[in-house]
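Data block below; observations after.
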2 protein chains.
Amino acid sequence: MAESDGNRAAYPPGEKKGCDRCTTRLLCLGEGLTDEQLHGLESITHTRGPYQTGQAVYKMEEKFKSLFVIKTGSVKIESISHEGNNLVDGFFFRGDLVGLEAIGADRYQHDAVVLEETRVCELPFDQLETLCSFMPRLQHKILLLLGQKIRHTNSAIVHGRYLTAEQRLLGFLQVLCRKNVLQHDKYRSSVRLVMSKGDIASYLGLRPESLSRALRKLQSKGIIRNYGKRVEILNLESISGSLCK
Amino acid sequence: MAESDGNRAAYPPGEKKGCDRCTTRLLCLGEGLTDEQLHGLESITHTRGPYQTGQAVYKMEEKFKSLFVIKTGSVKIESISHEGNNLVDGFFFRGDLVGLEAIGADRYQHDAVVLEETRVCELPFDQLETLCSFMPRLQHKILLLLGQKIRHTNSAIVHGRYLTAEQRLLGFLQVLCRKNVLQHDKYRSSVRLVMSKGDIASYLGLRPESLSRALRKLQSKGIIRNYGKRVEILNLESISGSLCK
DNA sequence: CGATCAATTGAGTGTGTTCAATGTCAGTGG
DNA sequence: CCACTGACATTGAACACACTCAATTGATCG
């Protein structure tokens, strides 16, 4: 769980290369599969990277071909608004599956840009589909994931509409806490913001200025502490409270 | 294509009852399947209804079991916000597939409430999954639909965030026009609003008051004409213009 | 060390909200 | 047939929150 335990250590020497021993063991897809099935899944995957900050795993112009699982690092997906601005549509972390939005489309719907040094597993989608036909358990898992994605996206709509800037920010920090845990004792947890404030603002549907103000406000309320690229959450319970109010 | 050609006419006498000859021929799922495959699909479906205005096809409390295809009529899905208000999350019309949000969840995520006399086909999801294992084409179709759903929901987020009340309303009317066509010549089309203004407002993330003002504004601009439960769109091109501006 | 970009802060504006009042329409009963 | 009712829709006035624009500070990198 500690964040600095390197990636190398996770590959026992003598192990076969590639995804055979994926750090995350294809976290989101693999759980619940037999070893044999897992092996089948791993046989179609390819490791990619490491990508450096700012590089793209895929871009909007490219034909949709594969999904990607994040082994280490983090990724943002962004598109262009009608006005020509960059719009951040999501953040992904270790174990997350990226590219679901493009399923059934001709091309990717976003640029998937890396926020730090990042390695991923590529899963060619047509092969994944074929595999699903032989592995009902895997098929089930994929459907489940897509359902989750739909639910999550749906709740983001409510999130975006009916909540104030402060509430959105708190919700975001809460999610970030769960996904990207660094330290996390009962009353105090701290999050490293791998993405820029501008990206966060865009993701939350705010101007950077408004985000900045919201941060300051929460700090003055004693709920968080803003150290630039690191935010400390002092008062975790008040989060859920604020969200429900 | 003509919308008033009844449902009975689509069932040749002597044909087996049920969904064997679904009016919509399982529009969203069936296309591209062989007759034999289609028959397999239809063998797991059950007709439900007619439901009357206000009745629920399914409710939040119920265990997720089935997806539903709308044969005739229309449906809204709604949930409860943190503050306890009703939130309309979507509208569905003939041929649409309802319930995708619940895939992989324990229970349905919404109440699916009927807006007029409505008939649906029930598709038990576990049977659908099993069927998919034997019919890669169907599996592909389902995945495609889920992808579409994700994309659609995603774009709704942008929709909700960066557009003014007028723009949202225009976008909504545009979609409604495509789905729910009554008359539709090149410069003039008219939409019947099966749902209440309050539902529309909720769906667009507005107060009913704001929606009302937006309607008036667009009318004064000569883009639409508001006849209570029917809206005439006078100036279809200006819609896309307004959206991009 | 200056250059550049990100983040912050301030003042003024605008769009949608809130709250309250009025208007409209369908259904019901006198 | 008309008055009454209750839900839905519209309108108005004051307000709140996030936006815009502009200036300042801070961080990073050559």
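A, B, ... follow the sequence lines: proteins, then strands. Residue 1 opens every chain. What you see is a predicted model, and the numbers here were worked out from it, not measured in a lab.
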request  = Looking only at side-chain atoms of B:L206, point me to the closest of D:dA9, C:dG16, C:dA7.
outcome  = C:dG16

ask   = Under 4.0 Å: is that the gap between some side-chain N or O of A:N226 and OP1 or OP2 of C:dA7?
value = no

query = Are A:K76 and A:E78 within salt-bridge range, i.e. N to O under 4.0 Å?
reply = yes

remark   = Against the side chain of A:R207, the closest entry in C:dG10, D:dT20, D:dA18 is D:dT20

task = Give a yes/no on whether any side-chain N or O of B:R216 is located under 4.0 angstrom from OP1 or OP2 of D:dT11.
result = yes

query = Considering only C:dT17, C:dA7, C:dT8, which nucleotide approaches the side chain of A:L215 most closely?
reply = C:dT8

request  = Please state whether the phosphate of D:dT10, meaning OP1 or OP2, lies under 4.0 angstrom from any side-chain nitrogen or oxygen of B:S212.
outcome  = yes

task = Write down the distance between OH (A:Y162) and P (D:dC17), rounded to a whole number of angstrom.
result = 18 Å

ask   = Is the shortest side-chain N/O distance from B:S196 to OP1 or OP2 of D:dC8 below 4.0 Å?
value = no

query = Could you give the CD-to-P distance, from B:Q219 to D:dA9, as a whole number of Å?
reply = 16 Å

message = Checking B:R230 against B:S190: is there a side-chain donor and acceptor pair closer than 3.5 Å?
response = yes

request  = Find the distance B:R230:CZ to C:dC25:P and express it as a whole number of Å.
outcome  = 16 Å

task = Please report, rounded to the nearest Å, how far the P atom of C:dA7 is from the OH atom of A:Y227.
result = 19 Å

Partner of B:D199 under side chain to side chain contact (heavy atoms under 4.5 Å, CB included), chosen from B:V194, B:N86, B:V88 = B:V88

ask   = How many Å lie between CG on B:L193 and P on D:dC8, as a whole number?
value = 15 Å

request  = Give the nucleotide from the list D:dA9, C:dA7, D:dA18 with an atom nearest to the side chain of A:K197.
outcome  = C:dA7

inquiry  = Distance check needed: D:dC17 C1' versus A:R168 CZ, whole Å only.
reply    = 10 Å

request  = Remember a base hit wins even if backbone is also touched, and classify B:L211 as base, sugar-phosphate or nothing at under 4.0 Å, heavy atoms.
outcome  = nothing

ask   = Whole-Å distance between D:dA9 P and B:L204 CG?
value = 13 Å

inquiry  = Determine whether A:Y58 and A:F68 satisfy the following criterion, ring-ring contact (aromatic ring centres under 6.0 Å, His included), listing intermediate values before the conclusion.
reply    = CA-CA 10 Å; A:Y58 59 78; A:F68 298 88; 5.7 Å; yes

query = When you measure from the side chain of B:S202 to the backbone N and O of B:G198, does any donor-acceptor pair fall under 3.5 Å?
reply = no

ask   = Is any side-chain N or O of B:E209 under 3.5 Å from a base N or O of C:dC19, one able to act as donor and the other as acceptor?
value = yes

inquiry  = Quiz question: going by heavy-atom distance under 3.5 Å, is there a donor-acceptor pair between the base of D:dG12 and the side chain of B:R213?
reply    = yes

task = Grab the NZ-P distance between B:K229 and D:dC8 for me, whole Å please.
result = 9 Å

